[in-house]
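Just below is one structure, and these are the notes that go with it.
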2 protein chains.
Amino acid sequence: MIIAHDAAARLDPTGAVAPQLYRLLREAIIQGEMEPGTRISESEIATRYAVSRQPVREAFIKLAEDGLLEVRPQRGTFVCKISVDSVMDARFVREAIEADIVKALAADPDAALVRDLMAQIEEQRVVAGRDSVAFIRLDERFHRTLAEGAGRSHAWRVVEGQKVQMDRVRHLATRRFPMAALVEQHGAIVHAIGRGDIAGAEQAMRLHLRAILTDLPEVVRDLPNFFEAARTPGRLY
Amino acid sequence: MIIAHDAAARLDPTGAVAPQLYRLLREAIIQGEMEPGTRISESEIATRYAVSRQPVREAFIKLAEDGLLEVRPQRGTFVCKISVDSVMDARFVREAIEADIVKALAADPDAALVRDLMAQIEEQRVVAGRDSVAFIRLDERFHRTLAEGAGRSHAWRVVEGQKVQMDRVRHLATRRFPMAALVEQHGAIVHAIGRGDIAGAEQAMRLHLRAILTDLPEVVRDLPNFFEAARTPGRLY
DNA sequence: TACACCATACTTCCATACTAGTCTACAGGC
DNA sequence: GCCTGTAGACTAGTATGGAAGTATGGTGTA
């Protein structure tokens, strides 16, 4: 386990413990610091962070809702393997929402927002291909800016919940995924918004969100035991 | 409080308590049995259902995530007033997802599914205008059938989470909302799917989901203290 | 060797006890 | 009358112990 032994130091003793644990563990799982399939227990985490089992339990429940942990009563709690189905399910929801967001933005373009987005793309270009973690962070900011620019903070929170499944794959792929191409796709989205091209913006976003997962089959092949055995034999995608 | 005093009888002692409490309370809030703004406490519910505070607490946390309760530490827990903003936020997300679902269905129409949906519409016609609770239940089934017909069970769960905000309004409006019109809109959606009219199906669904809330301003006017004071003075919708 | 049985050491889930923060009502000083 | 301070009754959050269920390793019996 990569987590520091003085992990308790990361906790702010003034605030509530349970949400802090949730965020810490969530981050650890998404970034792959806890391998899929790993077995953990309430008491183990509790002692590691020097808190009682109860807040740990609450964090576990939330992580289970996010599809990151599987709690099996009286048996144990496990870090979920990544399910290709879940990833595609998440992408579907995310695509639907973000497509409508950029449609709304293109219907009423805001010059200041477009400038902001273009500046962000420049930042992305700098780290593309060099620092995948930084890129993922910038990418997240870009998409959040779009949502909030459209006045859709709530929709963004929903997207955020879906995104975790996709982000796990990206952290596994690390520098495999084509950041430069993704940056160009960001540019296409913003340009379409800027010129008020509703259909174009929508199409650009949909293509972009599908491109994110082009390397998925490759990742599954290289790291098969990080993934669940497929549950659907038939076609779905 | 309308809940029976022997409420504990509703709990299945063999299964886990927390999720059962969650479902019970969720139902009670959505159906308006617990008035918006009402203050409740963990211990109050715990004694009412003859369980300890802990599972109640876990149910409260989930309900808070659903936007149905507001937990204020050391202060108390309150049934959320309905926020018009939240309702519109939920509608946006729901519309985006369900629009993509019917587009997928229309792109590859399934005769058996269309027959099933048409039969459901007949059932809806029977109760329309007479039994709003039954209608809401049938309506839920209709939309779920669409989602699952497209192989999008996960997307439906997301919609389900959003729907609660809209359903609260409907239960307040009871027989005010125009069920007959909604049934006809269901028909328009299914017909568009049946003839493979992708754009038509999408448009029909979007119009339908907006029509659901036509009576919202009226409800707000008639029952103002069930609603939160608007948080945004500017235009957003 | 192979299999049934059982003790033991886990696990989650629930109940109970305790801590710390917040609100309310009332007493006392001005 | 009006403000301030404080005691007490709340609240949610956390800690801890126990109950019920499950996996595991060893033992006895063929």
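These numbers come from the heavy atoms of this one structure, side chains and all, not from hydrogens, waters or symmetry mates. Labels below follow one simple rule: chain letters A, B, ... track the order of the sequence lines, proteins then strands, and each chain is numbered from 1.
Distance, B:Arg53 CZ to D:dG13 C1': 8 Å, rounded to whole Å. Separating the CD atom of A:Gln20 from the P atom of D:dG13 is a distance of 13 Å, rounded to the nearest angstrom. Distance, B:Leu11 CG to C:dC14 C1': 13 Å, rounded to whole Å. With rounding to whole Å, B:Ile40 atom CD1 is found 16 Å from D:dC10 atom C1'. The separation between A:Phe78 atom CZ and C:dC10 atom C1' is 12 Å, rounded to whole Å. Atom CG of B:Asp12 and atom P of C:dC13 are 15 Å apart (whole Å). Atom CD in A:Gln54 sits about 13 Å away from atom C1' in D:dA12, given to the nearest Å.
Checking side-chain atoms of B:Gln165 against main-chain N and O of B:Asp66 turns up a donor-acceptor pair under 3.5 Å.
Nearest to the side-chain atoms of B:Arg39 among the listed nucleotides D:dT11, D:dA15, C:dC13 stands D:dT11.
The stretch residues 55-66 of chain B touches DNA chain D through B:Arg57, each having a heavy atom under 4.0 angstrom from the strand. Within residues 68-75 of chain B, the residues that have a heavy atom under 4.0 Å from DNA chain C are, in order of number, B:Gln74, B:Arg75.
Considering only side-chain N and O atoms, A:Ser41 lies nowhere under 4.0 angstrom from the phosphate OP1 or OP2 of C:dC10. Applying the 4.0 Å criterion to OP1 and OP2 of C:dA15, one finds that B:Ser52 has a side-chain N or O inside that range. Dashed line: the shortest gap from a side-chain N or O of B:Ser43 to OP1 or OP2 of D:dT11 is under 4.0 Å. Dashed line: the shortest gap from a side-chain N or O of B:Thr77 to OP1 or OP2 of D:dA12 is under 4.0 Å.
Salt-bridge formation is not detected for the pair B:Asp89/A:Arg157: no Lys NZ or Arg NE/NH1/NH2 atom is positioned less than 4.0 Å from an Asp or Glu carboxylate oxygen. Ion pair B:Glu44/B:Arg48 flagged as a salt bridge, since at least one NZ, NE, NH1 or NH2 atom sits closer than 4.0 Å to an Asp/Glu carboxylate oxygen.
The line from CD of A:Glu58 to CD of B:Glu58 is 6.0 Å long, rounded to the nearest 0.5 Å.
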| request: Could you walk me through whether A:Trp156 and A:Lys163 pass side chain to side chain contact (heavy atoms under 4.5 Å, CB included), step by step? | output: CA-CA 10 Å; A:Trp156 174 248; A:Lys163 235 168 65 67; 3.9 Å; yes
| message | With side chain to side chain contact (heavy atoms under 4.5 Å, CB included) as the criterion, how do B:Phe60 and B:Arg53 come out once you've worked through the C-alpha distance, each side chain's angles and the decisive distance to 0.1 Å? | response | CA-CA 10 Å; B:Phe60 275 23; B:Arg53 270 182 49 216; over 6 Å; no
| said: Pair B:Ile136, B:Glu140 - check side chain to side chain contact (heavy atoms under 4.5 Å, CB included), show working. | reply: CA-CA 6 Å; B:Ile136 291 176; B:Glu140 164 135 356; 5.6 Å; no
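The side chain to side chain donor-acceptor pair (under 3.5 Å) check on B:Glu98 picks up B:Arg94, B:His143, with sequence neighbours excluded.
Using the six-membered ring where Trp is involved, B:His186 and B:Phe135 have ring planes that are parallel, under 30° apart on the 30 and 60° scheme.
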